Amino acid sequence: MNLIKKILLVVFLFSIASSGLVNPENDQTVSYVYIPFEWEQEANAASYNLQVSESAMFTTLLLDVVVNSTLYIEKNVVDWEEFYYWRVRPVYSDETVGDWVGSFSFNVSESHFENLEINIYNDDMVEDGLVEFAGFGPVLQSAVIDVNGREIWNDNASMFMVNHVNEYGNIFGFGVSDYPNNTGAKINYNNEVLWNAPEGIPVDIHEVKQIPNGNYMAFVPKYSQGPIPPGEWSFYFQLFGYEADGETIEFPWMGMRIVEWNEEGDEIWDWDPFEHFSMDDSDLYGGTWWNAIEEGSFDWMHSNAFHFDEEESVIYVSHRHLSRITKISYPSGEVVWNMGLPSEYMASGDEHICTDLLFSFQHNIQLLDNGDLLFFDNGNLSDMLLGDSNPTSRIRRIRVIDNSYC
C-alpha cells in the first residue's frame with residue numbers, strides 16, 4: 001500500500017470514529033436528567049436538528065428540535081433508569097438537511113430520592129434556581145432537585161457528600177470511595193474528581209472550598225494531649241484509669257486546622273487552633289465529654305464552616321462545640337475577635353464579643369454582600385441559655401460594628 005492510500009485510509013477511519021457528537025458520550029451512564037446535548041460544529045450549517053429516542057432506529061421520537069447552537073439542554077423527556085439514543089444533523093440556510101453525523105446511546109442511573117414531599121406556600125415568592133442538598137446518614141449521598149421536587153442530579157451512589165457549590169457551579173465535598181483519598185475533593189456533574197487533597201490526608205467532612213486565589217481550603221483534624229475537666233463524667237473516666245482532675249495532661253483532644261493547598265496539592269498555609277485557643281475553654285454542657293468516653297478522644301471544636309472574605313482578607317469560622325465564631329486575619333492567622341458565650345459558660349468569655357446573643361452549637365457562617373453575618377444557631381443549649389421550653393433552632397443575621405459589638 002503506497003503512502004497516499006495509507007493517508008486516505010487513516011482519514012477514512014478517523015472520520016468514522018469522530019462522529020462529531022460530544023456529550024453524552026456513547027454508552028455513557030449519567031446521573032442526571034437535565035441533559036446537556038453537545039456536538040461539534042458542521043461546515044456551512046445554519047442550525048442543527050437534534051433527535052432523541054428510546055429506539056435505536058428512531059422510530060418513535062421523544063425529542064425532535066432544531067437549534068441554532070451546538071449545545072442544547074433538555075429538561076423534560078429524560079427519566080431515571082432509562083436508555084436513550086440521540087443524533088444530530090446539520091440544517092443549511094436553504095432549509096435542506098445533511099446526513100446524520102452519528103448516533104450515540106446513553107443510560108441514566110437510579111434516582112436516590114423518589115418520594116420527596118414538596119410544599120409551595122407562596123408561588124410569587126419562589127425564586128429561580130435549583131436546590132442541592134446532601135447528608136451523611138444512613139450513607140453519604142447528594143442530590144439536586146428543582147422547585148417541584150424533581151430529582152435532576154445525584155452522586156450516582158459514589159458516596160460523596162456535597163458541602164459547597166461555588167458561584168460557577170463547581171462542586172466540593174467529602175467522599176469515602178477511596179478513603180482517605182477524595183475526602184476533600186472537587187468534582188464535576190459526571191462525578192469525576194477534578195482535584196483532591198494530597199493522598200492520605202483525611203480532610204474533615206464539613207467544608208471544602210476553592211478560595212479566590214484559586215487554592216483550596218478545608219478543615220483537617222489535629223490531635224494534642226490535654227486534661228479532662230471535672231464533671232459528672234469524671235467517675236467514668238477514672239474507671240479507665242484517668243485522673244480527670246482538670247490538670248493532668250492525659251487525654252487526646254481533636255481540633256481542626258484550617259489548611260490551604262495549591263492546585264498541585266502542596267500545603268502552603270495553615271491555622272492551628274492549639275496555637276490560638278486555650279484548653280481552658282471546652283463545652284461542659286452539651287454532652288461532648290460524655291461522647292468522648294465512647295470515642296476515646298475529645299471532639300474539642302467540631303469546626304463546621306468557614307467563609308473566606310477576599311475584600312478584608314479574613315476568614316470567619318464556626319466552631320460548634322465551643323459555641324464560638326472566630327474572625328481570623330489572613331494570612332497572619334491573628335484572631336481579630338471571638339464571638340461566643342460569656343464567662344459564666346466559657347473560661348475566656350470576658351474576651352468574647354456579643355456575649356448577649358447566647359447562640360449555641362451553630363453552623364454555616366456566611367458573610368452577606370451588605371456586611372451582615374448569617375448563620376444557623378442550632379440552639380442545643382437554648383433552654384439553658386435563653387430559657388426556651390425546649391432547645392430551639394434559629395437563623396441569626398447580625399452585623400458586627402467596629403469588631404467589638406453586634
Side-chain angles (χ1 to χ4, degrees), residues 206 219 224 226-237 242-256 273-295 297-306 316-328 335-365 373-401 403-406:
H206 284 97
F219 296 119
S224 183
I228 301 170
E232 295 179 359
W233 49 82
S234 299
F235 170 74
Y236 297 94
F237 278 101
Y242 296 105
E243 296 294 330
D245 56 6
E247 298 180 0
T248 305
I249 306 302
E250 59 183 341
F251 196 72
W253 289 40
M254 181 180 72
M256 287 292 165
F274 291 101
E275 297 177 0
H276 297 275
F277 287 174
S278 168
M279 285 185 171
D280 292 338
D281 290 337
S282 71
D283 167 54
L284 303 178
Y285 307 100
T288 53
W289 277 107
W290 291 104
N291 293 338
I293 298 173
E294 181 177 348
E295 297 295 331
S297 64
F298 176 54
D299 188 357
W300 178 32
M301 302 169 64
H302 203 95
S303 305
N304 55 22
F306 65 84
Y316 295 91
V317 191
S318 165
H319 309 291
R320 181 180 188 264
H321 287 177
L322 292 174
S323 297
R324 173 184 297 174
I325 294 170
T326 303
K327 182 179 181 179
I328 301 169
V335 173
V336 180
W337 48 249
N338 284 314
M339 178 191 301
L341 298 177
S343 57
E344 180 182 354
Y345 304 103
M346 195 65 61
S348 66
D350 288 341
E351 302 170 11
H352 292 173
I353 68 169
C354 309
T355 55
D356 58 313
L357 294 177
L358 296 174
F359 58 83
S360 58
F361 281 54
Q362 74 294 328
H363 205 148
N364 195 40
I365 183 68
L373 288 173
L374 185 72
F375 61 92
F376 186 78
D377 175 6
N378 280 285
N380 290 39
L381 308 179
S382 75
D383 52 344
M384 178 183 74
L385 298 173
L386 295 169
D388 292 333
S389 57
N390 294 290
T392 302
S393 299
R394 294 171 169 86
I395 296 172
R396 301 277 195 163
R397 179 173 175 173
I398 64 173
R399 176 170 295 184
V400 180
I401 309 299
N403 288 320
S404 59
Y405 66 97
C406 296

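These numbers were taken from a predicted model, which means no experiment stands behind them.
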Quick check: does any side chain N or O of Asp377 sit under 3.5 Å from a backbone N or O of Ser393, one acting as donor and the other as acceptor?
-> no

For the student: nearest non-hydrogen atoms of Ser234 and Pro229, plus distance = OG-O, 4.0 Å

Would you say Leu322 and Asn338 make side-chain contact, with heavy atoms under 4.5 Å?
-> no

If you round to the nearest 0.5 Å, how far is CD of Gln362 from CG of Asn378?
-> 8.0 Å

Quick one: list whatever passes side-chain contact (heavy atoms from CB on, under 4.5 Å) with Arg399, sequence neighbours left out.
-> Asn370, Asp372, Ile401

Residues Asn291, Trp233; criterion side chain to side chain contact (heavy atoms under 4.5 Å, CB included); working and verdict = CA-CA 10 Å; Asn291 293 338; Trp233 49 82; over 6 Å; no

Quick one: does Arg320's side chain get under 4.5 Å of Asn380's, heavy atoms only?
-> yes

Kindly indicate whether the side chain of Pro342, heavy atoms from C-beta on, has any atom under 4.5 Å from the side chain of His352.
-> no

Partners passing side-chain contact (heavy atoms from CB on, under 4.5 Å) against Asp388 (at least two apart in sequence or in another chain) = Ser382, Leu386, Thr392, Arg394

Heavy-atom check, side chain of Pro227 versus side chain of Ile249, under 4.5 Å = yes

Hits for side-chain contact (heavy atoms from CB on, under 4.5 Å) against Phe274, two or more places apart or cross-chain, chain-then-number order -> Lys222, Ser224, Trp253, Asp272, Met279, Trp300

Candidates Phe251, Phe237, Trp289 - the one meeting ring-ring contact (aromatic ring centres under 6.0 Å, His included) with Phe298 = Trp289

Does a side-chain heavy-atom distance below 4.5 Å link Lys327 with Met339?
-> no

For Asp283, salt bridge (Lys or Arg N to Asp or Glu O under 4.0 Å) partners two or more places apart | none

Met254 CE to Glu295 CD distance, which is reported to the nearest 0.5 Å | 8.5 Å

Do Asp281 and Ser278 have a side chain donor and acceptor closer than 3.5 Å?
-> no

One should read off an interatomic distance between Ser348 OG and Arg324 CZ, to the nearest 0.5 angstrom, of 4.5 Å

When rounded to the nearest 0.5 Å, the distance separating CE of Met346 from CG of Asp280 is 11.0 Å

Please test Phe361 against His302 for side chain to side chain contact (heavy atoms under 4.5 Å, CB included), starting from the C-alpha separation and ending with a verdict.
-> CA-CA 9 Å; Phe361 281 54; His302 203 95; over 6 Å; no

Between Glu344 and Tyr285 the two heavy atoms that sit nearest each other are O-OH, 3.6 Å

Atom of Pro273, atom of Met301 and distance for their closest heavy-atom approach = CB-SD, 3.3 Å

Decide yes or no for Phe306 and Thr326: does some side-chain heavy atom of the first lie under 4.5 Å from some side-chain heavy atom of the second?
-> no

Taking all atoms of both residues into account, what is the closest heavy-atom pair of Trp337 and Ile325, and its distance?
-> CZ3-O, 3.5 Å

Just jot down the salt bridge (Lys or Arg N to Asp or Glu O under 4.0 Å) partners of Asp299, sequence neighbours excluded, or say none.
-> none

Value rounded to 0.5 Å, distance of CD1 in Ile365 from OH in Tyr316 = 8.5 Å

Between Phe375 and His363, ring centroids under 6.0 Å | no

For Phe376, all residues meeting ring pair (Phe, Tyr, Trp, His ring centres under 6.0 Å), sequence neighbours excluded = none

Mind listing the closest non-hydrogen atom pair of Glu247 and Asp245 along with its distance?
-> N-OD1, 2.9 Å

What are the two closest heavy atoms between Cys406 and Val400, and how far apart are they?
-> SG-CG2, 4.0 Å

Rounded distance (nearest 0.5 Å) linking atom CG of Leu381 with atom CG of Leu358 | 10.0 Å

Answer yes or no: are there more than 12 heavy-atom neighbours, outside Glu351 itself, under 6.0 Å from its atom CD?
-> no

